[in-house]
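Working notes, beginning with the structure itself.
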Amino acid sequence: MSDDRRSRRIEFLEQSDIRRMSEECARLDGLNLGQGICPLPSPPEVLDGAAEAVREDLSTYSSFRGAEPLRAAISEKLVSYNGLDVGPDDIVVTIGATGAFASAMQGLFDPGDEIAMFEPYYGYHVNAARGAGLNCSFIPLEPPTWDISRSTIEAGLSDDTRAIVVNTPVNPSGKVMSRQELEVVARVCRKHDLIAITDEIYEYFLYGDQDHISLATLPGMDERTVTISGFSKTFAITGWRLGYAAAPESLLEPIGLVNDLHYVCAPTPLQHGVARAMERLSEDYYTRMAEDFETRRDLFCEALEEAGLHPYWPNGAYYVLADVRSLGEPSARDAAMTILREAGVASVPGSAFFDSEVGEGLVRFCYAQPQDVLRQAAEQLTETFG
Ligand code: GLN
């Protein structure tokens with residue numbers, strides 16, 4: 001019998017470089033700045049909220065769209081922070097933003113449909129789309145500013161393109177899409193009748209005077225946008241797997257059906273925990289978090305400069321792409337392994353985020369780490385390569 005038991009549907013799939021580098025890092029006992037694990041303390045409001053809900057024995061399935069208090073809290077946040085015009089019934093709570101994205105791919109598109117993504121992209125978007133039988137097309141953006149223009153988008157579209165992925169702030173580049181750029185995206189969506197699937201999971205991680213703009217707030221976009229986000233990053237609860245999709249009924253219903261089919265619901269007590277935390281946390285929490293991460297960005301990017309691993313300074317999210325061509329390695333995987341072996345710091349090969357060769361000269365570091373770990377990583381990198 002063949003060793004490869006994978007179905008044809010997932011033939012293309014292999015272990016992600018993100019997870020593979022975590023395993024290599026554990027094997028070599030390095031500092032893991034590869035996977036976006038975010039091992040920082042979660043706010044007590046979140047932990048207490050969930051502990052209370054567990055003790056109150058809120059242990060049964062939540063309703064089709066998710067626990068009512070959580071959907072109420074999410075809709076309030078979508079109105080006040082994102083500027084969307086949505087209510088609790090316009091939301092489905094999912095198993096992370098990843099679950100929302102995968103459910104959207106399965107629920108809204110047919111095999112052979114095409115979906116466009118900006119490059120660099122988050123690999124899980126590509127694989128979730130492919131797993132649902134879609135073809136991906138890529139819209140390459142150029143460092144250091146990764147500017148979006150109408151012609152670059154349109155060059156990435158074909159007659160089969162049904163949708164576009166809009167991830168801002170961007171994993172891995174840290175780009176924050178401007179209002180002007182999103183207006184360009186919106187214009188293209190309207191002209192070509194595209195559905196937009198957003199991923200706004202890093203919406204609170206903004207540096208300097210950046211604003212987060214939700215695509216669905218632009219004219220004519222609410223009817224054609226699935227707004228996706230989650231709590232993993234904002235509350236440092238990556239393992240809780242809680243996210244959501246907000247969309248008009250015709251788009252939301254299919255997402256809800258797939259979510260129900262695969263998962264029935266997200267863990268109920270954790271949904272209540274996050275709902276309670278959202279009520280109890282003040283605005284301050286979010287702004288302080290962004291400031292803390294800006295300090296981390298500065299510390300780590302300065303170290304990369306000193307080490308000669310040229311960073312493309314991010315404006316948002318908590319990753320940085322570094323140009324590692326000075327190491328003279330033949331591929332990004334080789335470069336990432338050299339950095340791990342010689343400096344004891346794990347990263348993710350840039351090739352995981354690019355269809356083109358550009359990724360072979362890059363690695364991605366994640367600086368969502370406690371200050372002492374970051375400082376240690378910075379020291380090891382500058383001492384080894386500086
Ligand atoms: N989003 C995180 C990253 O980009 C974690 C993803 C994962 O572990 N699959 O690293």
Side-chain angles (χ1 to χ4, degrees), residues 18 22 31-47 77 81-82 96-97 120 122 143-146 167-178 198-214 229-240 242-243 274 277-278 281-307 309-322 345-348 353 363-379 381:
I18 294 176
S22 281
L31 300 172
N32 193 353
L33 272 65
Q35 190 177 14
I37 309 166
C38 200
L40 296 166
S42 307
E45 289 83 352
V46 177
L47 302 178
K77 172 254 173 206
Y81 183 69
N82 303 78
Y122 176 48
T145 47
W146 321 96
N167 165 221
T168 180
V170 181
N171 176 7
S173 68
K175 175 186 176 62
V176 176
M177 294 185 192
S178 68
T198 77
D199 181 344
E200 306 178 33
I201 188 87
Y202 301 99
E203 61 196 336
Y204 288 107
F205 296 81
L206 304 164
Y207 311 128
D209 56 1
Q210 307 283 321
D211 281 325
H212 175 69
I213 316 277
S214 286
S229 192
F231 305 102
S232 296
K233 315 290 175 177
T234 307
F235 295 147
I237 47 170
T238 53
W240 288 26
L242 275 184
V274 165
M278 287 172 85
L281 283 163
S282 68
E283 283 302 304
D284 224 38
Y285 169 76
Y286 303 91
T287 44
R288 212 158 352 100
M289 184 180 71
E291 284 163 16
D292 285 353
F293 272 83
E294 187 162 349
T295 310
R296 290 187 171 86
R297 177 200 63 169
D298 293 351
L299 184 161
F300 190 68
C301 288
E302 271 155 24
L304 288 175
E305 303 267 16
E306 208 183 313
L309 306 176
H310 172 70
Y312 293 111
W313 284 65
N315 289 321
Y318 52 46
Y319 306 100
V320 52
L321 286 173
V345 178
S347 58
V348 179
F353 309 98
V363 301
R364 186 200 75 173
F365 292 96
C366 171
Y367 51 86
Q369 288 285 345
Q371 295 274 1
D372 57 328
V373 176
L374 263 193
R375 256 189 230 106
Q376 185 62 38
E379 201 180 301
L381 287 168

Roughly how far apart are [X] [atom1] and [Y] [atom2], rounded to 0.5 Å?
| X | Y | atom1 | atom2 | value |
| --- | --- | --- | --- | --- |
| Thr287 | Asp292 | OG1 | CG | 10.0 Å |
| Tyr318 | Met289 | OH | CE | 9.0 Å |
| Leu381 | Leu33 | CG | CG | 8.0 Å |
| Cys301 | His310 | SG | NE2 | 10.0 Å |
| Leu40 | Thr238 | CG | OG1 | 9.5 Å |
| Thr234 | Leu242 | OG1 | CG | 11.5 Å |

*Who pairs with Tyr319 by side-chain hydrogen bond (donor to acceptor under 3.5 Å, both in side chains), at least two apart in sequence or on another chain?*
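Checked Tyr319 against side-chain hydrogen bond (donor to acceptor under 3.5 Å, both in side chains); matches are Tyr202.
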*Quick one: list whatever passes side-chain hydrogen bond (donor to acceptor under 3.5 Å, both in side chains) with Arg288, sequence neighbours left out.*
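Asp284.
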*Taking ring pair (Phe, Tyr, Trp, His ring centres under 6.0 Å) as the test, write out the residues that go with Trp146, two or more places apart.*
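Tyr312.
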*Please name all residues satisfying ring pair (Phe, Tyr, Trp, His ring centres under 6.0 Å) with His212, sequence neighbours left out, ordered by chain then number.*
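Not a single residue meets the ring pair (Phe, Tyr, Trp, His ring centres under 6.0 Å) criterion with His212.
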Is the shortest heavy-atom distance from the side chain of [X] to the side chain of [Y] under 4.5 Å?
| X | Y | answer |
| --- | --- | --- |
| Tyr285 | Phe235 | yes |
| Ile237 | Val274 | yes |
| Val46 | Phe231 | no |
| Asp298 | Trp313 | yes |
| Pro143 | Leu321 | no |
| Leu206 | Pro169 | yes |

Let me have the donor-acceptor pairs involving side chains of residues 364-372, under 3.5 Å, with sequence neighbours excluded, atom names and distances please.
{"unit_1": "Arg364", "atom_1": "NH1", "unit_2": "Asn171", "atom_2": "OD1", "d": "2.7"}
{"unit_1": "Arg364", "atom_1": "NH2", "unit_2": "Gly34", "atom_2": "O", "d": "2.9"}
{"unit_1": "Tyr367", "atom_1": "OH", "unit_2": "Tyr207", "atom_2": "OH", "d": "3.2"}
{"unit_1": "Tyr367", "atom_1": "OH", "unit_2": "Ala317", "atom_2": "O", "d": "3.3"}
{"unit_1": "Gln369", "atom_1": "NE2", "unit_2": "Asn32", "atom_2": "O", "d": "2.8"}

*Is it true that a side-chain atom of Thr168 and a backbone atom of Met177 form a donor plus acceptor pair closer than 3.5 Å?*
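Side chain of Thr168 to backbone of Met177, a donor-acceptor pair under 3.5 Å: yes, one is there.
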*Measure from the side-chain N and O atoms of Lys175 to the backbone N and O of Thr145, and report whether any donor-acceptor pair falls under 3.5 Å.*
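Side chain of Lys175 to backbone of Thr145, a donor-acceptor pair under 3.5 Å: yes, one is there.
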Would you name the heavy atoms of [X] and [Y] that are closest together and state the gap between them?
| X | Y | value |
| --- | --- | --- |
| Ser214 | Asn82 | OG-ND2, 3.0 Å |
| Ser173 | Pro120 | CB-CG, 4.1 Å |
| Pro311 | Val320 | CB-CG2, 3.8 Å |

*Would you call the rings of Phe293 and Phe205 parallel, tilted or perpendicular if under 30° counts as parallel and over 60° as perpendicular?*
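Perpendicular.
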*Pairwise salt bridge (Lys or Arg N to Asp or Glu O under 4.0 Å) hits with a residue in residues 198-213, at least two apart*: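 Qualifying pairs: Lys77-Glu203.
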*Hey, mind stepping through Val170 and Phe353 against side chain to side chain contact (heavy atoms under 4.5 Å, CB included) and telling me if it holds?*
CA-CA 11 Å; Val170 181; Phe353 309 98; over 6 Å; no
